[in-house]
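Labels below follow one simple rule: chain letters A, B, ... track the order of the sequence lines, proteins then strands, and each chain is numbered from 1.
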2 protein chains.
Amino acid sequence: MEAGSDVDVCAKWSETLRVYHNTSCELENELQSRHELGLSEFEVLLILGRTCGDQAGGKAKMKDIEAEMYLSQSALSRTVTRLEKAGLVTRAACDFDRRANFLMLTPSGRERFEAAKPTHRAVLVKHLTDPGSSKRAEACS
Amino acid sequence: MEAGSDVDVCAKWSETLRVYHNTSCELENELQSRHELGLSEFEVLLILGRTCGDQAGGKAKMKDIEAEMYLSQSALSRTVTRLEKAGLVTRAACDFDRRANFLMLTPSGRERFEAAKPTHRAVLVKHLTDPGSSKRAEACS
DNA sequence: TGACATCCAATGCGCGTGCATGTAAGTTTC
DNA sequence: GAAACTTACATGCACGCGCATTGGATGTCA
């Protein structure tokens, strides 16, 4: 750590906090108001969608999903429960290991996901593209 | 938005998530276990400490603190309550505007803060210094 | 086969957060 | 100076999170 690194590190952290909070707040708000999806919920759909290219029923093991997100096992379990209640996802037992669960996108789940994708992308572009990366955003909502 | 920006933006967001989660988790854990301070609590102390250079009793208005952090007004209020209960901070009425509160570091608050500062800095350096910025960290705790 | 460790997912619990609201204090308008 | 509005902070409430625990399914070793 050469001289000045303290200041650099603090500034970098500050910047990370700013970007993270502004972006995730707006993601949360936009996804919720436009598609009735929380951010964690969308992220699960994102992984399911990615897992099977773009055709029907995405399918993944809970454990694998957990490994791809920054969410505890219990939080993931409950997130999936919410998605299941909303009819966007189905839990299916795994034949070879009855401890494990597969997760599958329902048609309605894929539909909702496809609808939400542009919203997600738009927010990311807005916040992660340098030119206007200025200022502090006003509050969360 | 030129071609390829989608991928760039996603990768950038991914990276931001990674850094944010790994860093804030470890900050939280280290501050808690070594100094009995939550991250929000430390951040309030940080602002109070900054507000008055390095000599005695930092002093700032709640509103001003709120403006410097990514925390709702209510969350700040409760964070300060916790700090006050721990004896690290004192609320003091403002003579000119009796709605407003000043916040002051107590000696014990400054002491705790000074003790925690190196821990905070160390974690930042660990996570925000390029060379070892590799991989995914294993879980939170 | 039986005893024990390991693994996956669900659930009880406490905590910190944001939103909406309440209360008290200032400000504006007439 | 009274009424309407705005501002600062606290509080009720619901929610999502992580930790610890539980329960069932596997794996292992004797």
Worksheet item: Should the heavy atoms of other residues, nucleotides or ligands under 6.0 Å from CD of A:E36 be counted, would the total exceed 12?
Response: no
Practice prompt. Using whole Å, report how far CD of A:E26 lies from P of C:dG18.
Written response: 16 Å
Worksheet item: OP1, OP2 of C:dT17 versus side-chain N and O of B:T79: anything below 4.0 Å?
Response: yes
Worksheet item: Within the structure shown, what part of the strands sits under 4.0 Å from A:L76 by heavy-atom distance: base, sugar-phosphate, or nothing?
Response: nothing
Discussion item. What residues from residues 89-100 of chain A pass a heavy-atom cutoff of under 4.0 Å to DNA chain D?
Written reply: A:D97, A:R98, A:R99
Worksheet item: What nucleic acid atoms does A:T81 come within less than 4.0 Å of, heavy atoms only: base, sugar-phosphate, or nothing?
Response: nothing
Worksheet item: Does A:L103 reach the side chain of A:V44, with side-chain heavy atoms less than 4.5 Å apart?
Response: yes
Worksheet item: B:M62 has a side chain; which of D:dC9, C:dT11, C:dT17 sits nearest to it?
Response: D:dC9
Discussion item. Going by salt bridge (Lys or Arg N to Asp or Glu O under 4.0 Å), name the residues that satisfy it together with A:K63, two or more places apart in sequence or in a different chain.
Written reply: A:E66
Item to complete: Round to a whole Å and report the spacing from CD of A:E28 to P of C:dG18.
Response: 11 Å
Worksheet item: Taking five pairs at each end, how big is the angle between the two axes of the helix from C:dT1-D:dA30 to C:dC30-D:dG1, to 10°?
Response: 10°
Worksheet item: How close or far is atom P of C:dA9 from atom CG of A:L71, stated in whole angstroms?
Response: 14 Å
Item to complete: May I ask whether B:L45 and B:F102 are part of the same hydrophobic cluster, defined by side-chain heavy atoms of I, L, V, M, F, W, Y residues being less than 4.5 angstrom apart, directly or through others?
Response: no
Worksheet, complete the sentence: Testing C:dA20, D:dC9, C:dG16 for proximity to the side chain of B:S74, the answer is C:dA20
Fill in: Residue A:N101, side-chain atoms from C-beta onward, closest of C:dG18, D:dA8, C:dA10
C:dA10
Item to complete: Rounded to the nearest angstrom, tell me the gap between atom CD in A:E66 and atom C1' in D:dC19.
Response: 13 Å
Practice prompt. Would you please name every residue forming a salt bridge (Lys or Arg N to Asp or Glu O under 4.0 Å) with B:R98, sequence neighbours left out?
Written response: none
Worksheet item: Looking at residues at least two apart in the chain, or sitting in another chain, which of them share a ring-ring contact (aromatic ring centres under 6.0 Å, His included) with B:H120?
Response: B:F42
Worksheet item: Quick one: B:R82 CZ to D:dC9 P, roughly how many Å, whole number?
Response: 17 Å
Practice prompt. Please identify each residue that fulfils salt bridge (Lys or Arg N to Asp or Glu O under 4.0 Å) with B:E43, with sequence neighbours left out.
Written response: none
Worksheet item: Roughly, in whole Å, what's the span from CG in A:L27 to C1' in D:dG16?
Response: 17 Å
Worksheet entry | Side chain proximity check, A:L88 to A:L105, heavy atoms < 4.5 angstrom | no
Discussion item. Assess whether a salt bridge exists between B:E15 and B:R18, defined as any Lys/Arg side-chain N lying under 4.0 Å from an Asp/Glu carboxylate O.
Written reply: yes
Item to complete: Report the C-alpha separation of A:R82 and A:S40 in whole Å, then their side-chain angles, then the decisive distance to 0.1 Å, and conclude whether the side chain to side chain donor-acceptor pair (under 3.5 Å) test is met.
Response: CA-CA 10 Å; A:R82 289 193 297 274; A:S40 302; 5.3 Å; no
Item to complete: Starting from C1' on D:dC15, measure out to CG on A:L39 and report it in whole angstrom.
Response: 15 Å
Practice prompt. Calculate the interatomic distance between B:K61 atom NZ and D:dA10 atom P; express it in whole Å.
Written response: 15 Å
Item to complete: State whether the distance check finds a donor on one side and an acceptor on the other, under 3.5 Å, for side chain B:Q73 versus base D:dA8.
Response: no
Worksheet entry | Polar side-chain contact A:R78-D:dG18 base: donor and acceptor under 3.5 Å | yes
